[in-house]
Amino acid sequence: MRAPAHGAADAWYDDDQLIASLPRHMRLYARYSRAMASRSTGAVRGGSFLFRMMRRVTPLLGLPRVARVRVGSRRAWVDLTDQRALWVFDELRGAGHEYRVLERLLSPGDTFLDVGANHGSFAIFAAPLVGPQGMVVAVEPQPRLAQLIERSLSEAADAGFAVHAAGLSDHDAQLTLHVPRAGSGAASLFPEYAPGDTDAITVPVHCADTYLPWRDFPGRLV
């Protein structure tokens, strides 16, 4: 498995503060990843296989499925059975050019709209940038992820926020979303674009023009 960080020397499993906030089995996984990572390519030998095994035994052993992780001043709730969580760890650390763009674009009092928010990494990052007079709106059709975003933003308390467990389109509908068990980030309305084994869930989709209260958003919309 290739490490999601931009550089193998700066991966999530090297962040001691983050690792300390994880439950024991994920701390062990972090140690394994650190030991087995190629520092030139970022690939973790056997990482994907081990993660799949942990996902399968989590309900059998009563291991925690979600955890409240700490990354610097940020707190977030993460689904530990979702392999995309490994990318979320780095996203919460601000590992990526997208976060530098947000820092340049967002000002106190603005509204930030995160559509297809997944775990809400962008929304969590944006909350302190727009501040108490601003607004963060996260739209995520996967109910379990929308619930985690709600918990994360309610603890951030840096800005007003709204979380919509739905999708946006040009019309209202009830559609089937195919979510790969290997990672929620590749979910698709089209099964041929959702790799591997998937779970099919019915999600509400709303017309973006009429569903969101555009006129009520404060400041600039980003």
Side-chain angles (χ1 to χ4, degrees), residues 1-5 12 22-23 25-26 29 33 44 46-69 76-92 95-96 98 113-126 136-154 161-208 211-212:
M1 181 184 66
R2 187 169 299 279
W12 69 270
L22 293 170
H25 72 288
M26 285 300 297
Y29 181 77
S33 298
V44 177
S48 292
F49 173 80
L50 181 57
F51 193 95
R52 290 195 300 271
M53 293 301 101
M54 290 195 307
R55 184 176 68 235
R56 292 173 184 173
V57 303
T58 289
L60 300 176
L61 299 181
L63 299 175
R65 174 168 179 164
V66 301
R68 179 179 180 267
V69 301
W77 285 90
V78 178
D79 184 347
L80 300 177
T81 66
D82 184 347
Q83 193 161 347
R84 198 183 182 284
L86 307 182
W87 275 256
V88 172
F89 294 155
D90 274 325
E91 290 169 356
L92 293 171
E98 302 92 338
L113 179 59
D114 188 358
V115 179
N118 198 265
H119 278 77
S121 303
F122 287 152
I124 294 167
F125 191 89
V136 171
V137 181
V139 181
E140 171 52 52
Q142 298 179 58
R144 63 186 178 85
L145 297 182
Q147 291 172 4
L148 293 179
I149 298 171
E150 184 91 30
R151 296 174 73 174
S152 297
L153 291 177
S154 66
F161 70 90
V163 179
H164 300 276
L168 294 181
S169 181
D170 59 355
H171 65 283
D172 293 340
Q174 293 284 326
L175 300 177
T176 300
L177 184 66
H178 303 272
V179 183
R181 294 172 185 169
S184 63
S188 175
L189 295 174
F190 306 98
E192 58 270 24
Y193 291 109
D197 295 333
T198 63
D199 293 316
I201 59 174
T202 300
V203 299
V205 175
H206 299 291
C207 177
Y211 179 65
L212 295 178

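Only heavy atoms go into these numbers, but all of them, side chains included; no hydrogens, no water, no symmetry mates.
Within the 3.5 Å criterion, the main-chain N or O of Arg144 finds no donor-acceptor partner in the side chain of Gln142. Put simply, the side chain of Arg55 gets close to the backbone of Arg181: a donor and an acceptor are under 3.5 Å apart. With His119 contributing its side chain and Leu148 its backbone, the two residues share no donor-acceptor pair below 3.5 Å.
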Given side-chain contact (heavy atoms from CB on, under 4.5 Å), test Arg84 with Val88 step by step and report yes or no.
CA-CA 6 Å; Arg84 198 183 182 284; Val88 172; 3.3 Å; yes
Go through the steps to decide whether Asp114 and Ile149 satisfy the test side-chain contact (heavy atoms from CB on, under 4.5 Å), and finish with yes or no.
CA-CA 11 Å; Asp114 188 358; Ile149 298 171; over 6 Å; no
Where do Glu98 and Phe125 land on the side-chain contact (heavy atoms from CB on, under 4.5 Å) test, with the steps shown first?
CA-CA 11 Å; Glu98 302 92 338; Phe125 191 89; over 6 Å; no
Criterion side-chain contact (heavy atoms from CB on, under 4.5 Å) on Glu150 and Trp77, from CA distance to verdict:
CA-CA 9 Å; Glu150 184 91 30; Trp77 285 90; over 6 Å; no
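Across Ser152 and Ile124, no two heavy atoms sit closer than the pair CB-CD1, 3.7 Å. The shortest heavy-atom contact between Ser33 and Val44 is CA-CG1, 3.8 Å. What you find for Pro141 and Val203 is that their closest heavy atoms are O-CG1, 3.4 Å. Thr58 and Pro64 get closest at one heavy-atom pair: CG2-O, 4.3 Å. In terms of heavy atoms, Val66 sits closest to Asp79 at CG1-CA, 4.1 Å. Contact between Ala126 and Val136 at its shortest, heavy atoms only, is C-CG2, 4.4 Å.
Ring geometry for Phe51 against Tyr29 counts as perpendicular: the plane angle is over 60°, on a 0 to 90° scale with 30° as the lower cut.
His206 has its side chain within reach of Asp172: a pair of non-hydrogen atoms, C-beta onward, lies under 4.5 Å apart. Side-chain contact between Trp12 and Val69: absent, with no pair of heavy atoms (C-beta onward) separated by less than 4.5 Å. Counting only heavy atoms from C-beta outward, the side chains of Val163 and Glu140 never approach each other to under 4.5 Å. Taking the side chain as every heavy atom from C-beta outward, Glu91 and Asn118 never approach each other to under 4.5 Å. Residues Arg68 and Arg151 have side chains not in contact (no heavy-atom distance under 4.5 Å, counting atoms from C-beta outward).
The line from CZ of Arg65 to CG of Asp82 is 8.0 Å long, rounded to the nearest 0.5 Å. Atoms CG and CZ, on Leu177 and Phe190 in that order, are 11.0 Å from each other to the nearest 0.5 Å. Here CG of Leu80 is found 5.5 Å from NE2 of His25. Values are rounded to the nearest 0.5 Å.
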